[in-house]
Each structure stands twice: as structure tokens, then as C-alpha cells.
Amino acid sequence: MLEHYFPILVLLGAALAIGGGAMGFSYLVGPKRPYHEKLDQYECGFAPLGRIRMRFDVRFYLIAIIFIVFDIEAAFLFPWAVAFESIGLIGFIEMMLFLSVLLVGYAYVWKKGALEWE
Amino acid sequence: MAVEQLDIHLVLMMPEILVAIMAMALLLLSAWTHKGGAGVIHWLTMMTIVAVVLVIQVGSGTATTFGGQFITDDFSRYVKVVMCLGMVLPVLMSADYIRGHGMDGGEYHVVTMFAMLGGMIMASSGGFLILYLGLELMSLSLYVLAAWRRDDRCSSEAGLKYFVLGSVASGLLLYGISMVYGVTGGTGFAEVASFLGKPEGHGSQLLALGVVMILAGMGFKIAAVPFHMWAPDVYQGAPTPVTAFMSVVPKVAAIAALFRILFDVFPTYHVQWVPILQLFAVLSMAVGAFGGLVQTNIKRLLAYSSIGHVGYMLIGLVANSQAGAQGVLVYITIYLFMTVGVFGLIIAFDRQGLGENISDYQGLARKQPVMAFVMAMFMFSMAGIPPLAGFIGKFSIFMAAVKGGFIPLAVVGVLFSAVGAFYYIRVVKVMYFDQPEGEFKVTLSGGGFIVVSLSLFMIFFWGILPGDLLAWTGASVQAFH
Amino acid sequence: MSANLLILLAPLTGALVAGLLGRRIGSGLAIAATITGMLISAWLSIRVFSVVAVGDGPVIREEIFSWIVAGNFNVHFGILIDRITAIMLIVVSGISTLIHIYSIGYMADDPDEPRFFSYLSLFTFAMLALVTSDNFLQLFFGWEGVGLASYLLIGFWYKKESACNAAIKAFLVNRVGDFGFALGIFAIFMVFGTLDYDRVFQMAGAGEFKPTVDFLFFGDVDTITLICLLLFVGAMGKSAQFLLHTWLPDAMEGPTPVSALIHAATMVTAGVFMVCRASPLFELSETALGVVTVVGAVTAVFAASVGLVQNDIKKVIAYSTCSQLGYMFFSAGVSAYAASMFHLMTHAFFKALLFLSAGAVIHAMHHEQDMRRMGGLAKKIPITYGVMMLGTLALTGFPFLAGFYSKDAILESAYAAHTGLGTFAWIMGMLAAVMTTFYSFRLVFMTFHGKPADHHAYSHAHEAPWSMRGPLLVLAVGAVFAGMIGVPLVGEGWFKGAIVLGQGHDALAHAHHVPFWVKWLPFGAFVVGVYLAWLMYVRLPTLPGIVAETFRGTHRFLVNAWYFDRLYDWMFVTMAKKIGEGLWHTGDETIIDGFGVNGAAKMCTRIAGGLRWVQSGYIYHYAFAMIVGVLVLVTVYT
């Protein structure tokens, strides 16, 4: 069974060789003359405004989590739509159930004000 | 694929569906009523659980649905009732704890219900996937519950630790499941079992690896050594009602799942898993016995106590017999009441801002003899001293072990229970022989009174007349072997 | 309920009423309750006696209730009244009743009167249960019951340290004897499979038993000898025979009525009774009989010799009792059981009389017991003097008084046994008889004659109240006539089947045909004894001091009762303490506590500390532990 995975092993090996080779080669041949500005964090070319390790607002996470939930919903909906013809009424009901469960969460989040950026 | 070919009998899932619908409804209710609805949600939760228990009782016989992925039988019904009790009693006794610590948005009840729902699904699971589904539903809810007091550093720490380590455990479990799938080509219990029943199903290294991984994942959920490290920290940090909840329900669920995995799927691999569980049992009993000796925080103490108790329950699994399975159920049922009772008292102490340190109980016997007596009874029962029910639990386990030929294991168990008795009785000593410090009066809330007195009654009743309990559990494990 | 059962139950009821309700109903009613019980018991005993012993009534056998049924161990509580029991009944209930009455006066000032009477009645119940038993277990029940009552009554004045010590001593020494006794009963059950007298004796007579048994490290020993010797160990304890006698003199710490009832008339004779009762067994073992003879004879001389030099009035009588019990035993040892029983009966009367008279003297002298502080009391308390003199004469075997008949029967039997041991016992008995007369008259002379030593006490001395005088007079009558009336006892076959004699064991039958000088030698002993006592304590009062000074070693040896107490103290008490301390320090503290209890606890704490160290709180440590766990499992188990 394992021999079916051989191409993947080849791919892995190639990726490692190319990536590692590029980085190793540049490390070996490239000149190294570091100074302060060169080592500083990169911020679109101008002098950095604050420290790099700053806290992100928790609201980013909230939005991100809610996004993932709906993202996955979309990921489910695509194959469902493709296979809709063959799974029939039962498939439809099941998807509606799934959506309504998500809807409950959505309603809760909305009502709790998690979607407002204030 | 035509509709009629689908094997869907929702009626078998009525308890789970009921819990799910009510949880969602209460979630919406909590969002729309603010704090005013907390009381309503509290009582609706109670009523829901009562209704669920009644619905569970309606079912009978053994049946499967969703192509064998979901099983209902006497065993699952018994375990689900235990889980319902393990959920509803902590909630009942901690109504004013929840209010007092700002946990009364109503979501607490909802998340607890989800956790229980996950446990119920595990108990009824007929395949590895649905088992994992239930496990994750339960685990995620528990992570949230552990970290419920966001303003409390300990609680947050507890939630985080539980989550991270739980993820590792889930990873191990999934890894194991994938190996089993890889070897057998199925995830349903029946499929895997039928594959293992054939000649080519024997002696696969990969499958053995999978079994080890699955056991590791499940071992984490029941806090068996060496996958127990999270337990003391999480028990201590989590809000007390949550600790009470998670020292019972997840353990019941995971043990139930282990029953299915070990007895239904891998009975032919018992040469494999019996020694592993034996190791788990001995280590758990040892850590449970010795770890508790130096604790000063009673919740931490109870964490070690629960590790020890899991060790004893594992002996029942090791025995690999109906008697052993029955012993486990007896033990876990009694364990439920002992644990809930003790936590009820801790919550009563918490009402006075006390109760986490063992030294808070100094001289309790002089100030409140009844309270001290009740606590002492729970402690003696935990230590397994007759005529309290804890003794019956240990007795049925050890009997099963002896009958199964695991005499050294039983001897070790008895020895460790003697060591463990020390710290239970130390609590009694603190209450009865130390000088009281400070003035306080501990009172139980209404719900707390009901729960504690029910627990006390049960440990006395089953300690003296365990006949009913033995009969029920005996009937419940008929399905195995 | 049968009247015979009531003999036992009446004193028990009295004891319970006085003991449990004594504080409630007051001492008057409590005493009335116990005395009523005693009177009922005594009256019924007399009735039974007249049927069984005086008339020719059949032996009474009653099963009261099934006591213990366990497998093939089956014992019932029963009543057996044959002629031995009948005599014991009359002695026990009769004297007990008299002493109850006597105690009304003697204990009048004591605040704990109900308790005292309750104990007395309890004792009587236990003693009656002992003598009416029809099996060995009930015998043992009564045996232990009287032991308990004795313990309680010796320590009645529990605030006195010496009384408590004496009580404990009595209990412990009796424990040694009872241990043997219990083993004897076990052996009987083991060999015969039953404890009923009738069955055991019948089987023993028919030879239906294993001739030898394996006993401890002695190997195979003769079954009957073993049983008899074990039983006799019990008798030695209860009847204060040589080696186990040390408790009896100390028991005089109890109130005097107790000494009279328990430590003279009844309880201490239980051993004699038991040996007579078990005569069908003892008759089968010459060895056992020999041991009984020797122990009895030695006790007779030993106790009498110690009695010679005692100054405490009660101790003199106590050693006298011990000595007289020795007579009874060696008489039994030469198979003259009837003579034993006869002497037991007469002795009960005159010894109770002596004790009670001594009690009256002590009462008169305001609880003074040292005879050196008495003297000349004859004039002050003439009645007491009179009855005491009668008692003394009866004890010393003055012709036609009680002791004359019974003691002579014993001595003649010993002579007539015509065995080496019999002759030995006879010589010892004669020797003891001289000494008995000497110390008895020494007592009388020191107490009642001469000059008063303590004038204050003397001037206040007074005759005892009538409640005390009455019983004294009744007992005096007994002391005079018991012998004359009781002569038929030693006649042939009076005891019918109750006493069994082996082949050729006919010492008593031949006792009537001994030479003339043997018959009158005891009287000679009496005369010698009286003369010596008169010489030393009336005629030449300085002589005792001179004699004591001349034979200082002997005197000290006797005063210290042959140093038995000191020997036992060194041998058992000190040794036991040393062994105990050794076990405590090395065994318990060092080994068990050090390595076992504390060592294990220390190890537990150390393990717990290690676990705490592992439980660091860092997630990556925890995760690491999990991974290591999985790796170990994978390596080991796949």
C-alpha cells in the first residue's frame, strides 16, 4: 500500500531540496554586513512606529472565529449543491437543519453584539 | 441511494435531540432576556433533564441507527441516566454560586448541557467517528466551562491548560483511529470487529499501535496516569460546580466509550489492552494515593482522589468480565454521589468565602457538628470504609479482579486504598481535632441541601442495601460478552 | 417455673433489684429485696434437702433451656440435685442468708449498702448455679460468676488502694487456675464430645474414649490424667491451694462478711466440690489422685505454719481456711470424698462462725484487726467470746463438736488408705492439727485474754447489735451439732451414685477399723496445741518474743508466708514487666513503628513530595509526560 505514496515522497524531497538549497546557497555566498536599520523590523520602508510584539484587539479573534464558522458552512454547501440531485429530500432537510443550528449561533452572536466594532 | 435505504430512526435519539433543542432554545432565551431570565433558565434546565431521564426510560432493548453508528441499549441508557444526574445535581446545588460569581448569564447551563450531550453521544456511539464527534463536543464545552471565570487567573489557566493538553490527547486519539481505519478499512465498531474476527485480522503491529493511541486519548479524558497531569491544575482552577461536573460526566462518558471499544471492538485484542490498562490502573492508584498526601487545597485533593478512583475503575475493566463491567458501573454510580456530595459542601463553604483550603475546615465539628459529620461520612465513603457505599464500590471491583485471576492487582489496590485513606481521614482529623479559627457559619442553599442529603442518603442506603444497584448494573452489562 | 429453678432465680432477682434500683428505692428496700430472695432460696433449699438427702427422694434432673447449639456442641442450662448438691445447697443458701442478715448490722454505716447486698446476692446466684449444674459448662459459668463476685466484693471499698490491688490479685491468680480449668473442659469435650456429667461419667466408666491424647509438647499423655490435672489446676486456683494460694490472705481486704461467705464457707470450697463431683473421672487416674493428695497435704501444713505467726486476726483465719481446704483435698485424694464433703459442710459452719465473730471483734474495736492491740476482751463482749470459743473448739476438733467428727474421718481415712501418699498425708494432717490448735487458741488468747493493749479502744468496745448476734448464735449451734448430725454422710453409700469409687479405693470404709491410738491421736494433738498456746500467750507472755528471736530465720520465713509473694513478684511481675518493656521499646517502637508504621508513612510522604515536584504547572512538562507515556506504551506493548 505504501508504494502508492511514493510520488508524494518524491515531491517532499524535491520541495525540501529546492527550499533548503536556495536558503543554504544564499547563506553561503551572500555578503553579511549587518547594521541597526538593516536588522530592524520591516514596516513598509519607513521607520517603525511601535514595538513589533503588540496585542491584537480581541475583536479580531471574534470576527476571525465567526468567519471560520461561516467559511466551513460554505465549504459544506458546495459539495451539497453539486450532489443535490442524488441525495434528494433527505439531503435537503439535513442541510436545512445544519443551517438552522448555525443560525441559532449567528442570532446569539448578533444579539450579544459581537459583530459590532465598538 | 434511495430514501428508504437510509437507516434513520430519530426516535432512538430522542434524548439527545431533546437536549440539543433545549440547549439551543435556552441559548436564545439567555440572549434575549439578559439577567432576568437566569432563574427561568435554571429551572427549565432542571425540567429538561428530568424530561430527558423520563424519555431515556421509555426506551428498551437494543437498537441501532445511522447504519450502526448510533446504539441504544440497556447499558447506554444506564450510563446516560448517570450522566444526567452528574449534570443536574451540580447545577442544582450551585444556583447561588453561579449567581454569586457572575456566571448567571444562562450560558453556563447551556454549555453544561452541550457537554453532557457530547457525553451521551459517546455513550451511544457505534463508530469511531461519532465517538470522536461526541468527545469533541464534550471537550470543547468543558474547556469553555473550565475557563468560565474569565477574571480569575486560575480559571483561565485551567481552561488553557485543559484545552492545549486536550488537543494533544485528541490528536493521539485521531491518530489511533486513523491507524485502525488504515488496517481494517472501516470506522464503525461493527465493521472493525467483523474484520478482526477474520483470520487476517490478527497480529497487526499497526493495529496494536492504534489501540495504544486510542487508549492514550481516552486515558486523558478519564485522567488516568500518565495522562493525568492536567487534572489537579484544572480541578483547582475551574469554578467549583464545573469541577464537580467534570469529575463525573466526562469520566462516565469516556468509561462508557471504553466499554464499547474494548468489549465490542477489540475483545480479541485483550492480550494487548489488558496489560496497558493494568499499568494505567496501578499508576493511577499510586498517584491518586500518594499525590493527595501533601495537598492543602481540597479541590486539588479531590483531583488526586478522582485519579485514584479512576485507577480502581480501571481494575474492573482489566478484569475483562461481566462482573468487572458491573463493578465499574457500581463504582462510578457511587462515586457520583460521593463526589457531588463533597462538592456540595465545598460550595456551601464557598458561600462564606471559605472552603478551598483544608485548613478552613479546622474545628468544624465543634461549631457545626452536623456539617462535620456529613463531610466525615463522605470522606469515609471515599476511603472505602464500610458500611458506606464507597466500600461496596471497591468491594465489587476487587471481587471482580479476584474472580478474574488478577489477585496481585487487587492486593495492590487494597494497599493503595489504605494509603489513600490517610488523606481522607486527615480531613476528618482537621474537622474534629484541630482548633477552630475565626467565626463563620456555613449554611447550605436549598438546592445544596437537597443534593447533599440525597447523596448522604444514597451512600448510606447503598452501603447497607446495595441490592437494587447491583441488580440494575447487572442488567445493564448483559450486553457485553 | 419449677421451685428448684426459683432457688437460683430468687437471689438473682434480689441482686438485680438492689443493684439496678438500689439508688432509687433506698438501701432499706434494697436490703429487704435481697434478704427476701435469700429467704425464699434458703427455704426451698431446705425443702429440696429434706426430699433428696433426708428422705429417700430421687435425684432431681431438670432441663431449663437450650443454651448453646452449635454444630455438635450442644449444651443446655440444667439443674441436677443429688445428695452432693443438696448438701451444697443447704450450706450455700443457709450461710448466705445468715450473712446477709449479719451484714445489716456490719455494713450499717456504709453508704454503698445496696451495692454490697446486690453483690452478695449475685454471688449466691452464681454459687448456686455452680452447684446445681448438670454439665461442665454451666459449672464453668458459675465458677466464673463467683470469681467475678469475689473480685467485686474484695474490691468493694474501691477507694482503698490495697483493696483494689487485692481484688486484681485474686482475679489474676484465679485466671491462672481458670485457664487450666477451661482447658480441662475443652479436653472433656474433645474426648467425649459432650459436657453433660451423666454422659461423660458413663462413657468414662465404660472406657469409651481414646486412652491417650497428644498434649502440647508433652507428647501422648493419659487422657483421664490430663483432664483431671487440668481440672485440678482450676480447683487449686479457686480453693487457694499451695502455689496458687497467694490471693486468699490478701482477699481479707474485703468486708468481713465477704470473707466469711466467699473466702471461707462457700466459694473456696468450689474446688473441693468439683473434685467430688468429678469423682468418676478422678477415680480412673491414680496419678491425678496422688497429685491431689500431695497438694492438699502440703497446703494443710504450709498454711497452718504461716498461720502460727500472723497478727492480723483475719489473716489467721484465712490461713486456717487455706489449711482446712488442704485437708479436704487430701481426703479426696485418698478417695474419701464423703469425708471431704462432710468436712466441707462442718467447716462452712464453724469457719463462717469464726469469721463473723472476728468481724464482731473488729466491729467492737472500731475496725482494728491487729491482735496485738487487742486483749482482755472476754469481759467486754462475752457473747462474742462464747461463740468464738465454740467455733475454735469445733475447728480444733474438740470431742463431739463439728470438727471432731469430720476431721477425724479425714485423718483416719488417710491412715486407712495404707498407701505411701496416704500415710504422708496422715502425718502432715496430724502436724497441721497441732498447729491448727495452737494458732486458734493463740488467736483466742491474744484477743480475749490477758491485759488490754489499747485502753481507749478497749473501753469503747461493745457487743454487736442483734442482727449480728443472731446469725452468730445460729452458726454456733451449727458448729456444735453439724458434726453429730452429719455422721451418716461418711457412712457407706450415703451419696449413692453421686460419688463413684474405684476398685480398692475403700479408705473411708476402713476408717472405722483403724487402731485406737489413731482414733485418739488427733485429740492428743489438740491437747498439745492448747497447752503450747496457753504456755506462750497466757502463762509466759514474753516467751513468743524469745522464741521468735531464737529462730529468727524460721520466724521471718513464716511471717513472709514462705516468701511466695516475693518469689512470684520477681518471677512473674518483674519478668513480665521486663519482657513487656523489651517488646515495647525494641519490638514496637523500633521495629514496628520505626520500620513499619512511621517508616511507611515517611516513605509515602517522600513519594508524595516527588509527585509534587513532577507536577510543575508547566503545560509543556505535562505534554511531555503524555508523550513519554505514549512512547513507553508503544515500545513496550506493540
Side-chain angles (χ1 to χ4, degrees), chain B residues 157 160-165 167-169 171-172 175-176 204-213 215-217 219-220 224-234 271-276 279-280 283 286-295 300 303-304 307 415-416 418-420 422-423, chain C residues 20 23 66-71 73 577 579-638:
Chain B
E157 183 191 330
L160 189 66
K161 277 182 179 167
Y162 198 15
F163 172 62
V164 172
L165 296 172
S167 306
V168 175
L172 289 173
Y175 199 28
S204 163
Q205 281 277 304
L206 203 58
L207 193 72
L209 196 61
V211 172
V212 169
M213 295 288 185
L215 286 180
F220 175 85
V225 181
F227 310 105
H228 69 290
M229 305 285 274
W230 58 275
D233 293 6
V234 174
V271 189
Q272 202 74 44
W273 55 260
V274 163
I276 297 179
L279 184 71
F280 279 7
L283 289 178
V287 169
F290 291 117
L293 295 179
V294 286
Q295 302 306 324
R300 233 179 144 74
Y304 280 104
I307 293 171
L415 287 180
F416 281 129
V419 175
F422 169 79
Y423 58 78
Chain C
L20 300 178
R23 281 168 195 281
S66 199
W67 189 8
I68 298 172
V69 180
F73 184 60
K577 266 190 188 159
I579 294 172
E581 273 179 13
L583 287 176
W584 170 33
H585 286 305
T586 356
D588 202 42
E589 285 185 339
T590 313
I591 296 175
I592 295 177
D593 280 358
F595 291 99
V597 180
N598 294 339
K602 255 184 217 137
M603 193 187 70
C604 289
T605 320
R606 227 171 279 150
I607 294 175
L611 279 177
R612 185 153 62 172
W613 177 75
V614 169
Q615 196 78 32
S616 60
Y618 294 114
I619 289 190
Y620 46 91
H621 285 172
Y622 294 0
F624 182 68
M626 286 172 65
I627 300 303
V628 169
V630 171
L631 285 180
V632 168
L633 291 180
V634 166
T635 15
V636 176
Y637 293 112
T638 59

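Chain letters run A, B, ... following the sequence lines, proteins first, then strands; residues in each count from 1.
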Taking side chain as everything from C-beta outward and backbone as N, CA, C, O, which of these in [X] sits under 4.5 Å from a heavy atom of chain C? Side chain, backbone, both or neither.
X      : answer
B/F280 : side chain
B/L206 : neither
B/A169 : both
B/L279 : side chain
B/F220 : side chain
B/V419 : side chain
B/V294 : both

I need the [X] [atom1] to [Y] [atom2] distance, nearest 0.5 Å.
X      : Y      : atom1 : atom2 : answer
B/L293 : C/R612 : CG    : CZ    : 10.5 Å
C/C604 : B/F290 : SG    : CZ    : 4.5 Å
C/L611 : B/H228 : CG    : NE2   : 7.0 Å

Q.
Counting heavy-atom pairs under 4.5 Å with chain C, which one of B/G292, B/P232, B/A216, B/G219 comes out on top?
A.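 Max contact count across the listed options: B/P232.
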
Q | Winner by heavy-atom pair count (cut-off under 4.5 Å) against chain C, out of B/A286, B/P275, B/G291 | A |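 When all of B/A286, B/P275, B/G291 are compared, B/P275 has the most.
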
Q | Check: B/Y175 and C/V630 side chains under 4.5 Å, non-hydrogen atoms | A |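 The answer is no, as the side chains (C-beta and beyond) never meet within the 4.5 Å cut-off.
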
**Q.** Contact summary for C/G629 and B/P226, nearest pair of heavy atoms
**A.**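 Heavy-atom minimum between the residues: CA-CG, 3.8 Å.
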
Q: Can you see which heavy atom on C/V634 is nearest to which on B/M213, and at what distance?
A: CG2-CE, 4.5 Å

**Q.** B/F163 atom CZ, over 12 foreign heavy atoms within 6.0 Å
**A.**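 Open.
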
**Q.** Pairing residues for B/Y423 by the ring pair (Phe, Tyr, Trp, His ring centres under 6.0 Å) criterion, not counting sequence neighbours
**A.**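 Per chain and number, B/Y423 pairs via ring pair (Phe, Tyr, Trp, His ring centres under 6.0 Å) with no residue.
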
Distance-only check: which donor-acceptor pairs under 3.5 Å involve side-chain atoms of residues 616-624 of chain C, not counting sequence neighbours?
| from | atom 1 | to | atom 2 | distance (Å) |
| --- | --- | --- | --- | --- |
| C/S616 | OG | C/Y618 | N | 3.3 |
| C/S616 | OG | C/H621 | ND1 | 2.6 |
| C/Y622 | OH | B/D233 | OD1 | 3.4 |
| C/Y622 | OH | B/D233 | OD2 | 2.5 |
| C/Y622 | OH | C/Q615 | NE2 | 3.2 |
| C/Y622 | OH | C/G617 | N | 3.0 |

Q: Using non-hydrogen atoms and a 4.5 Å limit, figure out which bit of C/V614 sits close to chain B: side chain, backbone, both or neither.
A: both

